[in-house]
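In what follows, a structure is listed as structure tokens, so that the remarks can point back to it.
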Amino acid sequence: GREKDGKPTAGFFAGRTHSLIPVPELDCLLGCAENKDYLAAVLKFMEDFGVEPYDEANHKGLVRHVLLRKGFASGEHMVCLVINGKKLPHEKEFIGRMREAGADSISLSFNMEKTNVILGTEIKNLYGPGYITDKIGNIEYRISPLSFYQVNPVQTERLYGTALEFADLNGGETVWDLYCGIGTITLCLAKAAKRVIGAEIVPPAIRDAKENALRNHIENAEFFCGDAADIAAKLESDGLRPDVVTVDPPRKGLAPEVIASVAAMGPEKVVYVSCDPATLGRDVKIFREFGYEAKRAAAVDMFPGTAHVETVCLLSKLNAKQHIEVD
């Protein structure tokens, strides 16, 4: 957006709107401290070279978003500029300024759609290997710009540890991890299971997941790219029935056909990781209709000072006797 004096500015959308609220001194308390240096460098670049911020109302202007990530274990930083076009003017100067600010991975994401989706589907790598690395517990992960990654590393470990605790694996299980991203939960589960299968619709995330299994010498994890319901149906037709299913869907929750597919497999347990308690509540009710009852739930505060929490919920398959007692 723009300030009153015409200078480009950065901030967040006000709740349930697309009205930009500038962040004072670019210092967001949820992000890492270095983010303000990168934002300041991006805004100065835009000002110096007359690069226009995107205006959602008339679909004009170039710079839509700035994606910033830090690998807390590695100290590596990623800058990905999301633009409404295929070319960034003064690209070399942009790379120079981001490197000067300390970036290890610099890229562009092209998003020319009239949409509230942040990232485009195509990435142009400008500098660095095209990813950064980080560790959760003793597992190292490669993270590309289009791959989802949690922003709070300390609580991420708590979140995935809770999912692992709820799964309560003994080493003999086959586990499916739907919406697996770069394999964060999948590879945690692999250490405690016989076999894990991760599914994700974003191709770069699956590439990262496969690389992350190799990087950590984990040989009992497989990854498939595609829609969760389609992959669940394919795995079932191949006779690969899971003992445990974990799901970590986006805010919109699970589509009814995914719940139906999971229930049709008949796993003993479903571990549901949710970033929106409302859609979790809706989906738990649907799972109940398929004979799965919520047994445990724990909230993990990933975003201190905000209304958002992540929730882990354990759903257990009811046997016939329990069905009679409950109904």
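Just so you know, these numbers come straight off a predicted model, no measurement behind them.
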F72 six-ring face occupied by K70 cation (under 6.0 Å, within 45°):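 Flagged: K70 positioned over aromatic ring of F72.
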Distance under 6.0 Å and angle within 45° of ring axis: R142 vs Y131: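 Judged by the rule (NZ or CZ under 6.0 Å from the ring centre, within 45° of its axis), R142 counts as positioned above Y131.
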Polar side-chain atom of [X] near backbone of [Y] as donor-acceptor pair, under 3.5 Å:
X    : Y    : answer
N220 : A190 : yes
S144 : L146 : no
E52  : G61  : no
N212 : L214 : no
D283 : L254 : yes
N111 : I118 : yes
R251 : C275 : yes

Salt bridge or not for [X] and [Y], using N-O below 4.0 Å?
X    : Y    : value
K210 : E222 : no
E165 : R296 : yes
D230 : K234 : no
E173 : K269 : no
E293 : R288 : yes

Nearest heavy atoms of C80 and L119, plus distance in Å: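 In terms of heavy atoms, the two residues are closest at SG-CD2, 4.5 Å.
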Counterpart residues, ring-ring contact (aromatic ring centres under 6.0 Å, His included), relative to Y38 (two or more places apart):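 Expected list: H77.
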Y149 and its side-chain hydrogen bond (donor to acceptor under 3.5 Å, both in side chains) partner, picked from D134, D208, T184: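 Testing each of D134, D208, T184 against Y149, the sole residue satisfying side-chain hydrogen bond (donor to acceptor under 3.5 Å, both in side chains) is D134.
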Residues E140, K135; criterion salt bridge (Lys or Arg N to Asp or Glu O under 4.0 Å); working and verdict: CA-CA 4 Å; E140 186 175 87; K135 279 183 110 166; 5.5 Å; no
Connected hydrophobic set around F12, excluding itself, where side chains approach under 4.5 Å: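 Grouped by the 4.5 Å side-chain rule, V23 form the rest of the cluster around F12.
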Modelled atom types, side-chain donor and acceptor of H59 and Y54, under 3.5 Å: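 Yes, Y54 and H59 have a side-chain donor paired with an acceptor closer than 3.5 Å.
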Test item: side-chain donor near acceptor, T246 and D177, under 3.5 Å: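 T246 vs D177: donor-acceptor pair found between side chains.
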E56/R64 under salt bridge (Lys or Arg N to Asp or Glu O under 4.0 Å): CA gap, chis, key distance, verdict: CA-CA 9 Å; E56 206 174 68; R64 296 177 77 131; 5.5 Å; no
Interatomic distance, I123 atom CD1 to F110 atom CZ [nearest 0.5 angstrom]: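 Answer rounded to 0.5 Å: 8.0 Å.
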